[in-house]
Number of protein chains: 2
Amino acid sequence: MEKNLKINPPCDDSCPVRASLTLLGGKWTLMILFQINEGIMRYGELKRAVTGISEKMLIQELNMLVENRLVNKKVYPEIPPKVEYTLTDLGLKTLPIVDKLAEFGLDNLVKKVGLNAKHQ
Amino acid sequence: MEKNLKINPPCDDSCPVRASLTLLGGKWTLMILFQINEGIMRYGELKRAVTGISEKMLIQELNMLVENRLVNKKVYPEIPPKVEYTLTDLGLKTLPIVDKLAEFGLDNLVKKVGLNAKHQ
DNA sequence: TTTGGTACCTACTAAATGGTTAGAATTACT
DNA sequence: AGTAATTCTAACCATTTAGTAGGTACCAAA
């Protein structure tokens, strides 16, 4: 006798949530994608934007994201070096996830100032 | 001269994405919420549903989720013990995130069988 | 010649996370 | 009496993940 309104199949290797989390579940991954967003970001800009990340983690994540075709990397053969990162089509498809994450945080976690928002 | 189409403020402590990730970013957290979903799940059911999780991680996460008011815990004073977990109102608000995660995984990561899905 | 700026890499260390094993509690069933 | 069932705890260990510190490369400007 099931009382479940919505029963999901077990979360094994073929579980789409697990698959996404394997790719995107790192501490910094979604925050980096969020910062690049629909724009063009240089390495140095990202370092400043993602407060608190170490250089090692940033390039490590960036390399991983490029490898997994979520991020495009454009290198200008200049001195000093200039590298631009943008989201690929696949990377852009992660933005709805990030948006929901931002929405949830905004509505429930981050203290809002003023803006008498009557719990809507 | 900015070429960014969409510029986000830096991701510091007040970044809603970061706040959400701090709460939900664990290896198992979102998968557990996904499995409970809109239903009622017992501890043992969850253990079977979230394939590969250890008992320790499961109760540890469950305790953390109860503490953070994402999950309700109903204990029946029976022997053998019976405990039911459901999402709170706040917990239910995480489902859109999980849905997007599932959607992304389904569309891009998990191999689909049959269903000649012409890249739509 | 030294310093600065940009984008990395590598080796080492530290911290966070996760896994294993054992056990407690209590009742029913054998 | 012994075993099973269910939920949960605690101690200990292994692995994974992240942070630190240092270095490379190249050219420009001081």
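Note on naming: letters A, B, ... go to the chains in the order of the sequence lines (proteins, then strands), and numbering restarts at 1 for each one.
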Quick one: does L101(A)'s side chain get under 4.5 Å of L21(B)'s, heavy atoms only?
-> yes
For the helix from dT1(C)-dA30(D) to dT30(C)-dA1(D), measure the angle between the helix axis at one end and the axis at the other, each built from five pairs, rounding to 10°.
->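 Comparing the first five pairs with the last five, the axes sit 30° apart.
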First and last nucleotide of DNA chain D in contact with chain A, 5' to 3', at under 4.0 Å to a heavy atom: what are they?
->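 For DNA chain D, the relevant span reads dA18(D) to dC27(D).
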Any donor and acceptor pair, going by atom type alone, linking the side chain of T29(B) with main-chain N or O of G25(B) inside 3.5 Å?
->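 Checking the backbone N and O of G25(B) against the side chain of T29(B), no donor-acceptor pair under 3.5 Å is found.
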Earliest and latest nucleotide of DNA chain C, 5' to 3', sitting under 4.0 Å from a non-hydrogen atom of chain B?
-> dG18(C) to dT27(C)
Who passes side-chain contact (heavy atoms from CB on, under 4.5 Å) against V83(B), sequence neighbours left out?
->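 K73(B), V75(B), Y85(B).
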Does E45(A) come within less than 4.0 Å of R48(A), counting only side-chain N to carboxylate O?
-> no
Once you round to the nearest 0.5 Å, how far does CD of E84(A) lie from CD1 of I40(A)?
-> 5.0 Å
In Å and rounded to the nearest 0.5 Å, what is the CG to CG distance from L70(B) to L90(B)?
->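 One gets 4.5 Å once the value is rounded to the nearest 0.5 Å.
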By salt bridge (charged side-chain N to carboxylate O under 4.0 Å, His left out), which residues pair with K47(A), not counting sequence neighbours?
-> E55(A)
Can you sort out which residues in residues 54-69 of chain B have a heavy atom within less than 4.0 Å of DNA chain C? Ascending by number, please.
-> S54(B), K56(B), M57(B)
Looking for any heavy atom pair under 4.0 Å, which part of the strands does K73(A) touch: base, sugar-phosphate only, or nothing?
->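 Sugar-phosphate contact only.
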